[in-house]
Amino acid sequence: MRIVRGLGIFLALVCILDVSGQIITADPAFPVQTDSVIITYDATQGNQGLMGYTGDVYAHTGVITTESSHSGDWKYAPAWGDNSPKYKMERIATDLYQLRITPSIDDYYGINPGDEVKELAFVFRSSDNSREGKTASGGDIFYPVFSAGLNVSIIKPDQRPLILE
């Protein structure tokens with residue numbers, strides 16, 4: 001019983017994510033292919049290419065699958081500059097945007113049966129493609145897609161020891 005209680009406390013602590021300073025976050029934090037996901041983009045992070053921008057922002061997005069040969073080998077991505085309503089970001093605050101991937105990752109991207117998605121891939125851009133939101137080093141932005149089951153990730157380990165009883 002003590003081990004089970006200790007494991008429960010450990011998992012609860014691990015599931016509390018410190019998301020400050022991240023370019024994107026996802027809800028749920030551990031999405032699987034069959035989930036609906038809300039991606040939140042913070043334009044004050046990364047290269048800040050869209051920080052202060054007041055026009056429409058779009059997500060250029062695709063996925064990295066087990067069929068991708070490298071991180072630049074996006075699958076199921078639209079043509080660059082596609083301003084379809086599906087890719088338009090919702091401004092929820094100054095420099096803060098959301099994209100709803102619904103009803104599931106599979107359906108949103110049109111994933112073929114049997115294809116396994118490993119990561120969601122993003123570049124955020126202005127409607128005229130003149131400005132881009134990327135990583136601080138100018139790279140594409142990725143968010144992992146998890147396998148169904150128990151998934152644990154320690155985003156920012158604490159400096160204090162964790163003792164389970």
Side-chain angles (χ1 to χ4, degrees), residues 15-147 151-157:
C15 289
I16 298 171
L17 303 178
D18 178 1
V19 295
S20 62
Q22 291 186 352
I23 301 170
I24 62 173
T25 57
D27 182 17
F30 302 102
V32 298
Q33 263 182 254
T34 55
D35 282 342
S36 172
V37 182
I38 299 172
I39 297 294
T40 302
Y41 163 60
D42 183 347
T44 67
Q45 302 300 312
N47 71 345
Q48 302 177 344
L50 290 164
M51 189 169 77
Y53 181 70
T54 58
D56 290 338
V57 172
Y58 289 84
H60 181 71
T61 182
V63 294
I64 303 300
T65 72
T66 51
E67 300 300 313
S68 299
S69 58
H70 53 82
S71 64
D73 188 14
W74 294 22
K75 306 294 184 189
Y76 305 99
W80 179 256
D82 186 336
N83 287 350
S84 297
K86 170 181 185 171
Y87 306 114
K88 186 175 179 183
M89 305 290 291
E90 176 187 357
R91 186 185 319 272
I92 59 171
T94 302
D95 295 323
L96 205 58
Y97 302 86
Q98 285 187 336
L99 177 69
R100 295 179 187 280
I101 298 174
T102 61
S104 69
I105 292 170
D106 280 341
D107 290 329
Y108 183 88
Y109 292 99
I111 306 296
N112 292 328
D115 280 359
E116 184 181 348
V117 176
K118 305 306 268 177
E119 294 178 302
L120 303 176
F122 301 95
V123 171
F124 301 100
R125 60 175 184 78
S126 59
S127 57
D128 66 358
N129 302 323
S130 65
R131 298 176 72 164
E132 296 179 352
K134 295 180 136 191
T135 66
S137 61
D140 299 342
I141 301 165
F142 298 96
Y143 197 91
V145 174
F146 297 84
S147 299
N151 292 287
V152 177
S153 179
I154 300 174
I155 304 299
K156 184 177 177 185

Please confirm whether the backbone N or O of [Y] pairs with a side-chain atom of [X], one donor and one acceptor, at under 3.5 Å?
X: S68; Y: D73; value: yes
X: R91; Y: T54; value: yes
X: Y143; Y: A29; value: yes
X: Q33; Y: V117; value: yes
X: N83; Y: S127; value: yes
X: R131; Y: L50; value: no
X: D82; Y: S84; value: yes
X: T135; Y: G46; value: no
X: N47; Y: K134; value: yes

- Message: Does the plane of the ring in F146 sit parallel, tilted or perpendicular to the ring in F30? Use 30° and 60° as the thresholds.
- Response: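 Geometry flag for F30 against F146: perpendicular rings.
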- Message: With a 4.0 Å cut-off on N to O distance, would you call K88 and D56 a salt bridge?
- Response: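 Yes, K88 and D56 are salt-bridged.
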Please report the interatomic distance [atom1]([X]) to [atom2]([Y]), rounded to the nearest 0.5 Å.
X: I141; Y: E119; atom1: CD1; atom2: CD; value: 12.5 Å
X: Q98; Y: Y41; atom1: CD; atom2: OH; value: 14.0 Å
X: I64; Y: H70; atom1: CD1; atom2: NE2; value: 8.5 Å

Side chain proximity check, [X] to [Y], heavy atoms < 4.5 angstrom:
X: V63; Y: I111; answer: yes
X: P31; Y: I105; answer: yes
X: D140; Y: F122; answer: no
X: Q45; Y: M51; answer: no
X: L120; Y: I101; answer: yes

- Polar side chain donor-acceptor pair, T66 to E116, under 3.5 angstrom: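 Side-chain D/A pair, T66 to E116: absent.
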- Query: Is K86 close enough and on-axis enough to Y108, meaning under 6.0 Å and within 45°, for cation-pi?
  - Reply: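 Cation-pi check for K86 and Y108: passes.
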- Message: Set out, in order, the CA-CA distance, both residues' side-chain angles and the distance that settles side chain to side chain contact (heavy atoms under 4.5 Å, CB included) for R125 and W80, then state yes or no.
- Response: CA-CA 10 Å; R125 60 175 184 78; W80 179 256; 3.6 Å; yes
Could you report the tightest heavy-atom contact between [X] and [Y], atom names first, then the distance?
X: S36; Y: P103; result: CB-O, 3.4 Å
X: A77; Y: G62; result: CB-CA, 4.0 Å
X: A43; Y: Y97; result: CB-CE1, 4.3 Å
X: F142; Y: S71; result: CZ-O, 3.3 Å

- Message: Pair S126, D128 - check side chain to side chain donor-acceptor pair (under 3.5 Å), show working.
- Response: CA-CA 5 Å; S126 59; D128 66 358; 2.8 Å; yes
- Task: Take T25 and I38 through the side chain to side chain contact (heavy atoms under 4.5 Å, CB included) test and state the conclusion after the steps.
- Result: CA-CA 8 Å; T25 57; I38 299 172; over 6 Å; no
- Query: For the ring pair (Phe, Tyr, Trp, His ring centres under 6.0 Å) test, which of F124, W74, Y76 pairs with H60?
  - Reply: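 That would be W74; it is the only one of F124, W74, Y76 passing the ring pair (Phe, Tyr, Trp, His ring centres under 6.0 Å) with H60.
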- Query: So D42 and I24, side chain to side chain contact (heavy atoms under 4.5 Å, CB included) or not? Walk me through it.
  - Reply: CA-CA 6 Å; D42 183 347; I24 62 173; over 6 Å; no
- Starting from the C-alpha separation in whole Å, work towards a yes-or-no answer on side chain to side chain contact (heavy atoms under 4.5 Å, CB included) for Y87 and T61. CA-CA 8 Å; Y87 306 114; T61 182; 3.9 Å; yes
